[in-house]
Amino acid sequence: MKTRQYSLFEDSPENEANQQPPTASQKQKKPENDEPQSSYSGRPAELSFDIEATGRSPISDSVVGISLCRETGKAFYVPIRHTASPNVSDALAILKDTLEDESIPKIGHNLKYDMLIVRQEGIHVKGTLYDTMLASYLLNPNKPGHSLEDVAIEYLMHKKNPFANVLGKRSSFSEVPLDEATRYAAEDAELAMELRNILFERLKTEDLERLYFDIEMPLIYILADMEEAGVKVDRKIIEELSKELDRELDVLQARIYAIAGETFNINSPKQLCKILFDGLGLKPLKKTKTGYSTGVDVLEELAKVHELPGEILNYRTLHKLKTTYADTLPRLINERTGRIHTSFNQTVTATGRLSSSDPNLQNIPVRGEWGTRIRESFIADDGCVLVSADYSQIELRILAHISGDPGLADAFKSDIDIHTKTAVELFGVPGSSVTGEMRRVAKIVNFGVIYGMSPYGLSEALGISPKEAGTYIDQYFKSHSGVRDYMKSTIETAKELGYVTTLLGRKRPIPEINNASANSRQQSERLAINTPIQGTAADLIKIAMINLWKRIREKKLKSRMVLQIHDELLVETPEGELEAIKELIKREMENALTLSVPLKVDIGWGKNWAEAH
DNA sequence: CACGTCAGC
DNA sequence: CGCTGACGTGG
């Protein structure tokens with residue numbers, strides 16, 4: 001192999017140095033000793049890299065170039081597939097050894113993205129990952145964005161990159177002239193290298209190192225696998241569903257126009273207000289910032305006195321399902337894989353949950369006949385089944401653990417129906433006399449507890465007066481003083497420290513907790529109460545995912561996780577592995593953490609997601 | 001791009 | 001009352 005077949009293009013704008021690139025022959029040599037290599041003669045001690053690609057979707061886009069940095073002040077750009085530029089067809093092949101070397105730590109900003117892009121070139125990045133985007137997120141999950149630019153501005157007082165809009169009118173990075181591309185791209189790898197030093201030092205002082213290395217870093221690999229795997233959607237089923245919804249919507253539309261006596265845009269809340277409140281003279285029950293509300297609560301109430309609001313609600317439901325799911329999902333089936341590949345975002349939520357986007361597969365409908373129909377289109381590959389495993393009452397169990405409330409803990413230890421138990425306490429009747437309505441109220445109160453309920457909020461949810469809601473809250477805390485004490489002390493801690501933490505030490509700053517405004521303060525108090533509960537549940541399922549993934553590898557099973565929906569894992573498994581994987585999933589999920597109350601996981605399976613549930 | 005609305009946990 | 005993302009409307 002020729003040693004200097006390609007040239008690495010220098011370099012960041014402020015650095016004129018033109019160092020020798022590592023040559024292919026040198027790269028294949030093992031270092032003479034285990035000392036970190038700071039010279040360019042051997043393997044890098046660690047490597048910062050950043051992929052430039054044709055677009056933002058790592059499953060369907062491909063590599064244009066890669067920038068590399070092994071010490072601050074010196075960065076390189078290797079063009080791979082630029083139009084009208086010297087390209088290096090085997091540059092990636094030469095880098096493969098380094099990127100796959102487990103002993104070389106990798107530094108980057110949003111490494112999951114870069115990992116997925118190079119996987120298409122047959123490169124499987126391995127080793128310790130220093131992801132500066134994740135580090136920034138753990139240091140402040142309230143931050144609205146963690147782009148390299150955002151983070152560099154905050155921590156390096158970095159000025160905006162003058163080449164930031166290097167794309168301009170060009171359709172892809174591959175169109176960018178090499179000199180511009182180099183100055184733009186090389187800087188990114190170098191920025192990540194500089195940020196690593198600062199952010200990981202800060203992680204240590206903030207006691208977030210274990211959360212990073214034990215949970216978030218291993219999860220990068222798992223989420224990359226899940227995104228790469230995708231989930232199979234039956235195009236025929238979903239497209240047929242769309243047609244059916246279309247026909248149904250036509251019927252509803254005609255009916256609505258007939259009742260209203262005129263045509264209008266049903267999807268426009270503004271036009272709907274005119275029809276409802278001006279035309280029919282119905283009473284507006286609630287206001288929004290800009291006018292009268294036509295939300296579901298209002299329309300349900302109005303449906304008692306007129307036939308139109310009910311039809312509007314039907315129309316809205318079907319329209320939502322059609323436009324958001326039935327029409328959209330088939331378009332997102334990847335041509336190459338025949339599957340849908342979501343993005344699992346690890347640095348978005350303030351509590352530590354994941355989010356899913358493009359498409360969001362964490363809000364696929366589940367209720368109602370149409371919800372079932374949509375989930376029936378999510379299917380297992382040939383010879384496989386889908387296994388759905390979800391935690392039962394995970395947040396209330398976590399509340400029982402962290403509050404130490406005996407009543408709550410006992411309920412879970414004896415596996416009692418928690419909503420019925422709460423109904424018994426609220427209404428002072430024996431369990432056998434609890435009606436459906438009483439249980440419904442109790443369920444909403446239990447949710448309210450987790451959300452840091454206020455009399456106002458609970459009253460809205462129950463459709464009663466804040467005063468009545470207040471008596472439910474009082475009644476609840478009479479039975480659960482442990483929960484009341486926990487909430488009081490959590491708020492006190494938040495006021496002192498300015499942040500709250502989860503069981504695994506994840507932190508969320510609560511900046512407004514001492515705000516002069518009572519509204520803002522009370523809002524902060526609810527965040528302080530909810531975040532440790534929701535955030536610990538997020539920690540817990542992340543641990544379960546890591547442990548399950550390791551066990552699947554150890555046992556060389558073919559099963560693969562495909563979706564995580566906050567308290568549920570969806571696994572695609574060859575039929576022959578079904579019994580084994582059910583056992584494994586249940587064990588790893590129920591034992592992810594040892595709490596003072598047992599964790600319970602319900603498992604189902606089937607050829608599609610509806611059956612599995 | 002803000003807003004209202006609604007799908008999920 | 002907590003946490004999200006996507007759609008259509010209308011400026």
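Numbers restart at 1 for each chain; the letters A, B, ... are given by sequence-line order, proteins then strands. When reading the values below, keep in mind they use all heavy atoms of this one structure, side chains included, and skip hydrogens, waters and symmetry mates.
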field: Earlier contact from the 5' end, DNA chain C, for Pro359(A) and Thr351(A)
entry: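 In this pair, the answer is Thr351(A).
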
Check the interface with nucleotides 5-8 of chain B: list each N/O to N/O pair with the protein under 3.5 Å, or write none.
from	atom 1	to	atom 2	distance (Å)
dT5(B)	OP1	Thr294(A)	N	2.7
dT5(B)	OP1	Thr294(A)	OG1	2.7
dT5(B)	O3'	Arg316(A)	NH1	3.3
dC6(B)	OP1	Arg316(A)	NH1	3.0
dC6(B)	OP2	Val296(A)	N	3.1
dC6(B)	O4'	Lys320(A)	NZ	3.1
dC6(B)	O2	Lys320(A)	NZ	2.7
dA7(B)	N3	Asn363(A)	ND2	2.9
dG8(B)	OP1	Val366(A)	N	2.6
dG8(B)	OP1	Arg367(A)	N	3.1
dG8(B)	OP2	Arg367(A)	NH1	3.2

Under the ring pair (Phe, Tyr, Trp, His ring centres under 6.0 Å) rule, what pairs show up with a residue in [range], not counting sequence neighbours?
range	result
residues 355-379 of chain A	Phe378(A)-Trp609(A)
residues 482-503 of chain A	none
residues 436-475 of chain A	Phe427(A)-Tyr472(A)

Restricting to pairs with a member in [range], which pass salt bridge (Lys or Arg N to Asp or Glu O under 4.0 Å), not counting sequence neighbours?
range	value
residues 521-547 of chain A	Glu216(A)-Lys542(A), Lys495(A)-Glu525(A), Arg506(A)-Asp539(A)
residues 289-304 of chain A	Glu301(A)-Lys304(A)
residues 462-475 of chain A	none

task: State which residues pass ring pair (Phe, Tyr, Trp, His ring centres under 6.0 Å) with His480(A); sequence neighbours excluded, sorted by chain then number.
output: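 Ring pair (Phe, Tyr, Trp, His ring centres under 6.0 Å) check on His480(A) returns Tyr476(A).
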
- prompt: In residues 510-548 of chain A, what residues come within less than 4.0 Å of DNA chain C, judged by heavy atoms?
  reply: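 Within this stretch, Gln523(A), Arg526(A), Leu527(A), Asn530(A), Gln534(A) sit under 4.0 Å of the strand.
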
query: What are the residues of residues 450-468 of chain A, sorted by number, that bring a heavy atom to within less than 4.0 Å of DNA chain C?
result: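 Listed by number, they are Tyr451(A), Met453(A), Ser454(A), Tyr456(A), Gly457(A), Leu458(A), Ala461(A).
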
message: Asp485(A): which residues meet the side chain to side chain contact (heavy atoms under 4.5 Å, CB included) condition with it, sequence neighbours left out?
response: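 Residues passing side chain to side chain contact (heavy atoms under 4.5 Å, CB included) with Asp485(A): none at all.
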
- prompt: Looking at residues 598-613 of chain A, who's got a heavy atom less than 4.0 Å off DNA chain B?
  reply: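 The answer is none.
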
query: Would Tyr315(A) and Glu311(A) count as having a side-chain donor-acceptor pair, cut-off 3.5 Å?
result: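 Per modelled atom types, Tyr315(A) and Glu311(A) side chains form no pair under 3.5 Å.
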
message: At 4.0 Å (heavy atoms only), tell me whether Gln271(A) reaches a base, stays on the sugar-phosphate, or touches nothing.
response: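 Gln271(A): backbone/sugar contact only, no base atoms under 4.0 Å.
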
